[in-house]
Each structure stands twice: as structure tokens, then as C-alpha cells.
Amino acid sequence: MTNSLKIYNTLTRQKETFVPIQEGRVGLYVCGPTVYNDVHMGNCRTFLSFDVIYRYLIHLGYKVRYVRNITDAGHLTDDGDEGEDKISKKARIDQLEPMEIVHKYTMGFRDVMKQFNVLTPNIEPTATGHIVEQIEMTKQILQNGYAYEANGTIYCDVDKLNQLYDYGQLSGRKLDDLYTNTRELDGQSDKRGAFDFALWKKANPEHLQQWQSPWGMGFPGWHLECSAMSRKYLGERFDIHGGGMDLVPIHHTNEIAQSMACCKTTPANYWMHTNMLTVNGTKMSKSLNNAFLPHELFAGSHPLLEQAYSPMTVRFFFLQAHYSSTIDFSNEALQAAEKGYKRLMNAHKSLLQLTHSGNQTAGNNTEDKAVLQLLDECYERMNDDFNTPQTIAVLFELSSKINAYHNKQANLNDLSKDTFDRLITVFTSFITNVLGLLDETTTADNGITEGLMQLVLQMRTDARNRKDWLTSDIIRDRLNDLKITVKDGKDGTTWGVD
RNA sequence: GGUGGGAUGGCCGAGUGGCUAGGCUCAGCUCUGCAAAAGCUGCUACAGCGGUUCGAAUCCGCUUUCCACCUCCA
């Protein structure tokens with residue numbers, strides 16, 4: 001089962017069978033957030049996508065080391081040499097220490113990830129915690145002759161590297177074409193080639209974040225941290241490197257350049273890229289002012305939002321599209337997702353309430369086989385490049401069957417005990433472990449709510465037995481006012497929270 | 001201008017050269033004291049124009065159109 005996993009590799013532009021470097025183990029690196037501001041929903045989508053990828057790899061039995069960095073230094077705001085550090089710019093504006101900014105937004109990011117039920121990576125390294133490694137890597141690249149110094153800044157020599165390998169392979173472009181078709185940029189005076197990029201930048205005295213280096217006071221370049229940290233924790237060559245699609249042409253292209261220049265190897269075998277979240281067809285981004293913050297979504301407090309949407313509704317909404325497709329945010333789509341999510345979770349709840357007679361012989365072989373087939377399909381769909389929308393479609397088909405068993409519209413004893421047990425195991429683990437969906441209606445109140453509900457529903461049942469429809473309907477209507485749905489079934493009455 | 005990716009039924013969103021996506025909405029039926037929930041059924045699409053093929057929404061070409069990247073961005 002595990003060896004049939006296929007992954008779309010940006011590097012080769014095709015789906016490939018996943019073969020880990022070390023059998024049974026996976027090294028996974030994902031580019032994390034720059035903590036100079038709140039993460040918006042577009043950022044979250046990427047981390048949610050890779051969360052499911054991480055979860056499924058674990059589910060398949062792999063021992064995974066998942067590294068996702070926190071960028072707390074570097075990353076210039078401008079493209080020119082006079083650019084300013086994002087972290088220090090924000091610090092100056094807010095009259096705060098850089099470390100204060102970084103701490104605040106790191107905490108905020110972790111809080112949001114927790115709300116979305118995103119698993120914590122095994123390591124969350126920070127750029128400022130790995131200055132030594134970045135200096136070391138810069139030294140090696142200089143020694144290998146693929147970098148040069150100009151006024152205290154170290155640039156990577158892309159032209160020379162391009163003789164070693166195809167620099168533009170990841171983005172599917174030739175360096176020559178890039179030269180002829182790229183707009184002229186200003187302020188590149190120190191660079192020998194237009195696509196050379198800084199490994200280490202000289203810092204001006206007023207620069208808030210700077211460190212001692214062999215080339216004077218400075219700070220690491222835009223892309224070096226990921227190369228240095230992935231190398232440190234996963235090795236010079238590891239299995240999967242991921243991130244948002246917008247990182248392909250510059251950031252990831254230059255990460256490959258750095259690894260080639262330093263270690264003569266491309267860092268990762270499989271490159272996975274998640275697509276963008278759009279709003280009204282346009283990419284969500286901070287600069288366009290169309291970015292929702294997670295808490296605005298949960299509270300419904302953004303002008304474009306008609307209502308609040310829960311974290312699990314949003315998680316489910318994202319998973320209904322493939323990670324490699326754009327997905328458009330709209331109230332209609334989210335409301336549909338909210339209902340679908342509840343339907344799925346209710347089916348799961350119903351499944352856990354079913355009891356099987358224990359008969360090992362299937363009462364209906366066709367039905368038994370159909371269920372087993374659907375359970376296998378869950379794996380087939382996920383093995384096909386983590387196709388969550390198709391997996392969810394299969395889970396909905398199983399939901400219809402579960403609901404029918406639950407409401408005595410179909411006979412549970414059509415299934416053998418083994419099939420029933422497998423249904424519970426697979427359905428539950430896909431909902432809970434693989435897709436990471438939590439039941440938001442569950443409350444930890446020591447069963448008080450459930451006890452009270454049983455009391456109320458018993459009173460209503462008594463009224464119904466007396467044909468006292470007035471009383472029974474008042475109870476039902478009042479519960480509806482509290483957003484509690486009463487469901488009269490053949491085996492009695494159950495309830496659920498809207 | 002260059003490069004890449006799209007255009008699917010009322011909405012969202014998968015997918016494959018011939019076989020049901022799925023969810024939401026809507027209509028009908030069953031169940032029900034009535035409803036709700038649930039099950040079943042129906043509405044049935046692949047931007048346009050050519051071409052390849054026994055057969056194409058799926059492959060090729062052209063057209064229209066949208067988006068992303070080429071500047072930090074998940």
C-alpha cells in the first residue's frame with residue numbers, strides 16, 4: 001500500500017512514485033511564515049495542505065521528520081540593495097524590539113495552527129538561531145568559487161552555477177530567456193549578473209538585526225536560512241521540500257542554487273507546491289488588502305463575510321479542493337462546506353453508535369463487497385497525490401450507507417463483522433487522523449449536557465406517547481431556538497447541535 | 001512583453017479517451033402525528049471553432065477569456 005503513493009514533482013513536472021531515500025523514513029521540509037505580521041488565510045491554506053500530507057505519510061506508517069521554519073530575520077522589503085529588513089521595519093514602526101515582534105507573531109501563528117488542528121512539526125527552527133550555520137554555508141560557497149564579495153555583501157554567482165546545472169529547471173525556464181525577458185531593475189550595481197542574489201548582506205549601522213561575520217557586520221540573505229536549516233536537520237539531500245507556488249521562481253530556485261553551490265546536490269528529491277487562495281478570482285495577499293485574518297473568519301467580522309465560519313468548516317472547505325488548484329473564497333462556498341462538514345461528522349457519530357450482531361458471514365455479499373471497495377478507494381485516492389476532494393467524495397458515499405444502517409433503512413447485518421470493524425477503523429482514522437477533522441459540537445462538561453438532553457427528550461417522548469403534540473412541539477421548537485436539532489428515528493430520538 | 005496554469009451543470013469542485021465524482025441548492029417519493037433528520041429518485045455540464053479517432057469534456061491546433069509568476073509574498 002505504501003509503495004503506491006504518487007506525488008506530483010514540480011522539478012520533473014509529472015507524478016512520480018514516491019520512493020524515500022531511507023526505507024520507512026521521510027524527511028519533509030516546508031517553508032514557514034515570516035513572523036512580522038499576522039498570518040492570513042492564504043498562508044494558512046499552505047500549512048493546512050502540508051498538515052494533511054504529513055498526517056497521511058504518518059498514517060501510511062512512515063517515520064517522518066517534519067521541519068517547518070520560522071523566518072525571523074532577513075527577507076528584504078525592497079528589491080534593491082538599499083532594501084530594509086521586514087522585521088526591523090515593523091519594529092521601528094511599532095516602537096518595539098525585533099524580538100518582541102517575532103515573539104508576538106510566532107505565538108499568534110501557533111495559536112492559529114492549533115485552532116485549525118494542524119499538527120506541530122517535529123522541528124520549528126528559526127533563522128536567527130542558525131546564523132552560524134548560514135555563515136558557514138556562505139563560506140563554503142565562496143570556497144567552491146560560486147560566490148563573490150562586493151562591499152561586504154556576498155553574492156551567489158548564478159551565471160557560473162548555470163554551467164554546472166540548469167538553474168531555471170524548477171520554474172521551467174532557461175536562464176538565457178530570463179535575461180531577455182525580464183524587466184530591468186534599478187540599484188543592482190554591485191552584482192555581476194542580474195540574477196545573482198545575496199547570501200550575506202552588509203548591514204548599515206542603524207540596522208536593528210545584525211551579526212558579526214568574516215565580512216563585517218551583516219545579516220543573512222533572502223534564501224539562505226532554508227538551505228542551512230534543511231541541511232542541518234534533514235541532510236544535504238532529503239525527500240520532500242514544500243511551500244506555496246509563489247516560492248517556485250525565486251526562493252526555491254535559489255535554494256537549489258545554494259545547495260548546488262555548496263554541496264553539489266539538489267536538496268530535495270520531490271518538490272511539492274500548493275496553490276493560492278483567491279478572493280473573487282484574485283490572489284489573497286497582504287498588499288492587495290483582500291486578506292482575511294483567521295480570527296476575522298471565526299468571528300465573521302470582515303466586511304466581505306456574511307457570517308462566522310468555524311475552523312473546522314474552513315479546514316473542510318480547503319480539503320474539498322486539491323492542494324494544487326486555486327480555491328476561491330466565497331460565502332456561498334463556505335456555507336455549502338459548513339453543511340457538508342456537519343453531514344460528514346454526523347455520519348461518523350452515527351457510525352460509532354452502531355452495534356453489529358457479530359455474525360462473521362455477510363448477509364449480502366454485494367453490499368459487503370461494495371463497502372470494502374469504498375474503503376480501499378479511500379487509500380487509492382489519497383495515494384494519488386493526496387487527492388483529498390476525491391477521498392472526501394468516497395467518505396460521503398460511505399456516509400450514505402452509514403446513515404441508512406443507522407436509520408434502519410438498510411440492514412447492518414448485510415456486512416460481516418470483519419467488514420464492519422474495518423469500516424469503523426478506516427472511516428474514523430481518515431476523518432480524525434488523516435483529514436484532521438475534529439467534532440466541534442463535542443463539549444467537555446462531564447456528560448452534563450448529554451444527561452440534560454436525555455431528560456428533556458424523555459419528557460417529550462412521554463408527551464408524544466400521550467399524543468400531546470402541543471407539549472412535544474413546544475419542546476422541539478424551543479430546542480430549535482437553541483440551535484439544537486431533534487431527530488425522531490425508529491429507535492427513538494437523538495439530537496445534534498446545528 | 002516572456003513563462004506557466006485555468007475555463008466543467010443553479011453554486012462550489014473532482015476526473016478520465018468509451019463506464020456514477022462528491023458537496024450545497026431545487027423538485028418528487030419513502031419514513032414521520034406533523035416536521036426535522038435520513039434514504040431513494042430527478043434536474044445532467046464540460047468556453048468557442050476546427051482536427052485526430054470507431055468514439056473526446058478528456059489528445060492536437062487556433063480563437064476568446066481569466067489568473068499566477070517575472071518585485072517581498074504561502
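Just so it is clear, the model here is predicted, and its values are computed rather than measured.
Using a 4.0 Å heavy-atom cutoff across all strands shown, A:His40 reaches at least one base atom of the nucleic acid. In this structure, A:Leu277 reaches the bases: a heavy-atom distance under 4.0 Å links it to at least one base atom across the strands shown. A:Ser400 comes within 4.0 angstrom of the backbone, heavy atoms only, and of no base. Across all strands shown, A:Ala393 has heavy atoms under 4.0 Å from base atoms, whether or not it also approaches the sugar-phosphate. Among the protein residues, A:Thr278 comes within range of no part of the nucleic acid, since none of its heavy atoms lies under 4.0 Å from any strand. The residue A:Ser324 sits apart from the nucleic acid: no heavy atom pair falls under 4.0 Å. Heavy atoms of A:Gly281 sit under 4.0 angstrom from primed sugar atoms or phosphate atoms, though from no base atom. Here A:Pro389 lies in heavy-atom contact (under 4.0 Å) with a base.
Across the protein-nucleic acid pair, A:Lys339 atom NZ and B:G23 atom P stand 14 Å apart, rounded to whole Å. One can place CG of A:Leu334 at 13 Å from C1' of B:G23, the figure rounded to the nearest angstrom. Per the geometry, CZ belonging to A:Phe219 stands 13 Å off P belonging to B:C72, to the nearest Å. For A:Arg460 and B:C34, the CZ to P distance is 13 Å, given to the nearest whole Å. Rounded to an integer number of Å, the gap from CZ of A:Phe396 to P of B:A14 is 15 Å. Atom CG of A:Asp176 and atom C1' of B:G2 are 14 Å apart (whole Å). In this structure, A:Lys483 places its NZ atom 18 Å from P of B:A36, rounding to the nearest Å. Counting to the nearest Å, the P atom of B:G33 and the CD1 atom of A:Ile474 are 20 Å from each other.
For A:Gln390 against B:A21, a side-chain-to-base donor-acceptor contact under 3.5 Å is absent. A:Asp328 contributes no side-chain N or O that forms a donor-acceptor pair with the base of B:G13 under 3.5 Å. Remark: the A:Asp488 side chain and the B:A35 base include a donor-acceptor N/O pair separated by less than 3.5 Å. Not a single donor-acceptor contact under 3.5 angstrom links the side-chain atoms of A:Arg343 to the base of B:C24. Within 3.5 Å, a donor on the side chain of A:Arg476 pairs with an acceptor on the base of B:A35, or the reverse.
Remark: the A:Gln390 side chain and the A:Asp384 side chain contain no N/O donor-acceptor pair separated by less than 3.5 Å. Looking only at atom types and distance, the side chain of A:Asn254 has no donor-acceptor partner in the side chain of A:Gln258 under 3.5 Å away. Remark: the A:Tyr56 side chain and the A:Asn383 side chain contain an N/O donor-acceptor pair separated by less than 3.5 Å. Side chains of A:Ser324 and A:His273: no donor on one and acceptor on the other come within 3.5 Å.
Scanning all heavy atoms of the two residues, the minimum distance from A:Pro220 to A:Gln134 falls at CB-OE1, 3.1 Å.
Going from the P atom of B:C46 to that of B:A37 covers 32 Å, rounded to whole Å. Distance check on atom P: B:C60 versus B:A7 gives 14 Å, rounded to whole Å. A gap of 10 Å separates the C1' atoms of B:G10 and B:C43, to the nearest Å. Nucleotides B:U41 and B:A56, compared at atom P, are 29 Å apart to the nearest Å. Comparing B:U32 with B:A36, their P atoms sit 15 Å apart, to the nearest whole Å. When the P atom is compared between B:C69 and B:G9, the two are found 26 Å apart, to the nearest whole Å. Look at the C1' atom in both B:C34 and B:G6: the space between them is 49 Å, to the nearest Å. Nucleotides B:C24 and B:C19 are separated by 26 Å at their C1' atoms, to the nearest Å.
Distances were taken from every side-chain heavy atom of A:Asp246 (C-beta onward) to each of B:C69, B:G33, B:A36; the shortest belongs to B:C69. Of all nucleotides listed (B:G22, B:G33, B:C73), B:G22 comes nearest to the side chain of A:Glu397. Distance from the side chain of A:Asn403 is smallest to B:G39 among B:A74, B:G39, B:G4. You'll find that the side chain of A:Met276 is closest to B:A74, out of B:A74, B:A36, B:C73. Side-chain proximity of A:Trp222 to B:C72, B:G13, B:A38: nearest is B:C72.
Between A:Lys283 and B:C69 there is a side-chain polar atom (N or O) within less than 4.0 angstrom of OP1 or OP2. Between A:Ser325 and the phosphate of B:A14, there is a side-chain N or O to OP1/OP2 separation shorter than 4.0 Å. Under 4.0 angstrom from either OP1 or OP2 of B:A74 there lies at least one side-chain N or O belonging to A:Asn43. An OP1 or OP2 oxygen of B:G15 is reached within less than 4.0 angstrom by a side-chain nitrogen or oxygen of A:Asn387.
Pairing partner, B:C59: B:G51, with both Watson-Crick or wobble hydrogen-bond distances short of 3.5 Å. Remark: B:C69 base-pairs with B:G2; criterion is Watson-Crick or G-U wobble with both hydrogen-bond distances under 3.5 Å. With a cut-off of 3.5 Å on both Watson-Crick or G-U wobble distances, the partner of B:G17 is given as none. The nucleotide B:C26 finds its pairing partner in B:G42, both defining distances of the Watson-Crick or G-U wobble pair being shorter than 3.5 Å.
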Walk me through whether A:Leu247 and A:Glu255 qualify under side-chain contact (heavy atoms from CB on, under 4.5 Å). CA-CA 10 Å; A:Leu247 299 179; A:Glu255 272 189 59; over 6 Å; no
Would you sort out whether A:Phe430 and A:Tyr379 count as a ring pair (Phe, Tyr, Trp, His ring centres under 6.0 Å), showing the intermediate values? CA-CA 9 Å; A:Phe430 267 78; A:Tyr379 285 94; 4.9 Å; yes
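Distance check, rounded to the nearest 0.5 Å: NZ of A:Lys339 to CZ of A:Phe316 gives 13.5 Å.
With centres under 5.5 Å and a plane angle under 30° as the test, the ring of A:Phe47 is not stacked against the base of B:A74.
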